[in-house]
Amino acid sequence: MSIEKVARLAGVSKATVSRVLNQHPGVRPETRSNVLDAISACGYQPNLLARQLRTAQSNMLLVLVSDIANPFCSLVVQGIEAEAEAHGYYILLCNSASQLRRETAYLSLLTGKVVDGVITMDAAACLQELKDLIGDAPWVQCAEYDPAISASSVTIDNRQAAFETVHYLAAKGRKQIALVNCDMRYLYSHQRESGYREALSALDISWNSVAYAGNISCEAGRDAMRELLARPSLPDAVFAVSDVLAIGVMRAAQEAGLRVPEDLAVVGFDGIPLTSSLNPPLTTIVQPMNQMGARSVQLLLERIRQPRAAVVHDLLPWQRLERASS
């Protein structure tokens with residue numbers, strides 16, 4: 001399919017199509033939208049290698065994801081991909097499992113200009129190691145970030161969300177609120193546990209109980225809840241740092257004969273779609289996952305176009321979605 005056909009369908013010149021493909025700023029939004037629609041309708045595939053040689057850009061973005069099986073990561077990546085495509089970019093996805101060997105192989109694409117920039121969702125504990133590999137290349141940290149690194153970031157206030165969740169459960173009359181946490185390589189795990197403990201202190205609640213899941217999976221959440229149930233003093237509420245873990249918590253509680261929420265209130269974190277279909281539906285802290293991905297792309301493109309652009313640390317709004325589990 002040729003660029004000429006795209007131009008005819010969009011009602012513009014070949015030069016305008018070329019400007020859209022090369023991300024030229026002097027194109028009106030309406031014209032850009034018409035050209036992109038025509039490209040999609042025609043199934044036009046630009047010669048990426050030729051364009052890279054001509055512009056010194058590949059229009060490819062590298063996305064390092066710690067666990068694509070985690071629904072949170074998948075939904076963020078959806079936002080990344082949609083926003084990238086809206087600007088004429090493609091993404092190359094690496095499911096890294098936070099393994100430096102795998103990340104190193106993919107990050108070599110930066111030096112070869114196969115990709116123009118990188119978005120990381122890896123554990124904060126890994127980011128200092130990645131810093132040397134990424135160097136001065138355009139970089140945005142999504143969800144997980146290291147404040148000591150001079151790269152923009154997009155996340156939410158995890159500590160405040162956890163702090164307010166504990167207050168919410170206490171206001172419901174819960175006095176023994178447990179936490180199911182996970183991998184402490186992740187900054188969010190530290191922040192959510194910090195908010196949990198700070199809230200208990202502020203409420204003058206001395207009872208606390210924390211179980212650590214081995215990974216983000218329903219089975220790991222189930223095992224963590226079983227550990228809590230084996231302790232001498234039982235919780236009357238559980239706050240899980242992931243919806244996936246919370247699903248496992250509810251399953252283990254129900255297997256033990258506990259009623260949710262009568263005997264045990266459960267709150268999750270993320271706001272994945274599945275939570276509305278549970279029995280009972282899960283109360284959860286909703287992260288703007290698609291928006292986090294989209295904003296990461298916007299910040300990355302700013303840095304690609306303006307290498308001296310200021311570092312930005314965006315905290316996006318979260319909300320509590322109250323359902324029958326609490």
Side-chain angles (χ1 to χ4, degrees), residues 72 156-184 186-272 274-287 318-326:
F72 167 78
I156 67 165
D157 191 336
N158 288 288
R159 188 207 63 80
Q160 187 64 28
F163 184 87
E164 293 189 22
T165 297
V166 174
H167 276 262
Y168 161 75
L169 288 167
K172 291 280 189 178
R174 308 294 172 163
K175 301 182 183 302
Q176 299 190 170
I177 304 167
L179 177 71
V180 170
N181 206 344
C182 196
D183 193 337
M184 297 304 284
Y186 288 85
L187 181 61
Y188 78 80
S189 295
H190 289 274
Q191 292 174 329
R192 293 173 196 176
E193 183 165 332
S194 175
Y196 164 79
R197 295 188 183 279
E198 288 175 24
L200 292 179
S201 177
L203 291 164
D204 198 24
I205 297 175
S206 59
W207 192 96
N208 70 86
S209 189
V210 180
Y212 296 94
N215 54 65
I216 299 292
S217 68
C218 294
E219 193 58 38
R222 191 180 186 184
D223 290 342
M225 184 60 196
R226 286 170 173 167
E227 180 183 333
L228 291 174
L229 293 175
R231 295 175 183 176
S233 183
L234 300 182
D236 59 11
V238 172
F239 170 40
V241 300
S242 158
D243 286 339
V244 175
L245 294 176
I247 293 169
V249 166
M250 289 175 59
R251 184 179 302 168
Q254 290 164 343
E255 288 171 349
L258 298 177
R259 299 168 300 162
V260 177
E262 292 85 357
D263 303 318
L264 183 81
V266 180
V267 176
F269 207 111
D270 287 337
I272 64 175
L274 176 63
T275 55
S276 64
S277 302
L278 301 175
N279 184 22
L282 180 67
T283 295
T284 182
I285 303 302
V286 180
Q287 298 198 70
W318 56 271
Q319 63 176 331
R320 183 177 65 248
L321 183 55
E322 186 173 354
R323 297 196 184 109
S325 71
S326 60

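Any value given below was found using the heavy atoms of this structure, including those in side chains, with hydrogens, waters and symmetry copies removed. All figures in this text were calculated on a predicted structure; none of them were measured in a lab.
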Next on the checklist: Would Arg192 and Tyr196 count as a cation-pi pair here, with the cationic atom under 6.0 angstrom from the ring centre and within 45° of the axis?
Outcome noted: no
Next on the checklist: Ile272 vs Val244, test: side chain to side chain contact (heavy atoms under 4.5 Å, CB included). Steps then yes/no.
Outcome noted: CA-CA 9 Å; Ile272 64 175; Val244 175; 4.2 Å; yes
So, taking the atom named [atom1] in [X] and the one named [atom2] in [Y], what distance separates them when rounded to the nearest 0.5 Å?
X      : Y      : atom1 : atom2 : answer
Phe239 : Leu245 : CZ    : CG    : 11.0 Å
Phe72  : Ser242 : CZ    : OG    : 9.5 Å
Ile156 : Tyr188 : CD1   : OH    : 11.5 Å
Leu203 : Phe163 : CG    : CZ    : 7.0 Å
Arg197 : Ser201 : CZ    : OG    : 11.0 Å
Met250 : Ser325 : CE    : OG    : 5.5 Å

For the residue pair [X] and [Y], what are the closest heavy atoms and their distance?
X      : Y      : answer
Met184 : Tyr212 : SD-CE2, 3.9 Å
Leu200 : Trp207 : CD1-O, 3.7 Å
Ala178 : Leu228 : CB-CD1, 3.9 Å
Ala246 : Gly268 : CB-CA, 3.8 Å
Cys182 : Gly214 : SG-C, 4.5 Å

Checklist entry - Checking side chain to side chain contact (heavy atoms under 4.5 Å, CB included) for the pair Arg226/Glu255: CA distance, chi angles, key distance, verdict? => result CA-CA 10 Å; Arg226 286 170 173 167; Glu255 288 171 349; 3.4 Å; yes
Is it the case that the side chain of [X] and the backbone of [Y] share a donor-acceptor pair, with hydrogens and angles ignored and the cut-off at 3.5 Å?
X      : Y      : result
Thr165 : Ala161 : yes
Gln191 : Asp157 : no
Ser326 : Ala265 : no
Thr284 : Val286 : no
Arg174 : Ala237 : no

Residues [X] and [Y] bridged, charged N to O under 4.0 Å:
X      : Y      : value
Glu164 : Arg320 : no
Glu322 : Lys172 : yes
Glu227 : Arg231 : yes

Next on the checklist: Just by distance, no angles: are the side chains of Glu193 and Asn181 close enough, under 3.5 Å, to form a donor-acceptor pair?
Outcome noted: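 Yes - a donor-acceptor pair under 3.5 Å links their side chains.
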Next on the checklist: Distance alone, cut at 3.5 Å: any donor-acceptor contact between the side chains of Thr275 and Asp243?
Outcome noted: no
Item to check | side chain to side chain donor-acceptor pair (under 3.5 Å) partners for Gln254, two or more places apart | outcome: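 With neighbours one apart ignored, the set is empty.
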Next on the checklist: Using the rule given for side chain to side chain contact (heavy atoms under 4.5 Å, CB included), can you reason through Leu229 versus Leu234, listing the C-alpha separation, both sets of side-chain angles and the distance that settles it, and then say yes or no?
Outcome noted: CA-CA 6 Å; Leu229 293 175; Leu234 300 182; 4.3 Å; yes
Next on the checklist: By the definition side chain to side chain contact (heavy atoms under 4.5 Å, CB included), identify the one residue from Ile247, Val249, Val180 that meets it with Val266.
Outcome noted: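 Running side chain to side chain contact (heavy atoms under 4.5 Å, CB included) over Ile247, Val249, Val180 with Val266 returns exactly one hit, Val249.
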Checklist entry - When you look at Asp270 and Ile285, which way does the side chain to side chain contact (heavy atoms under 4.5 Å, CB included) test go after all the steps? => result CA-CA 6 Å; Asp270 287 337; Ile285 303 302; over 6 Å; no
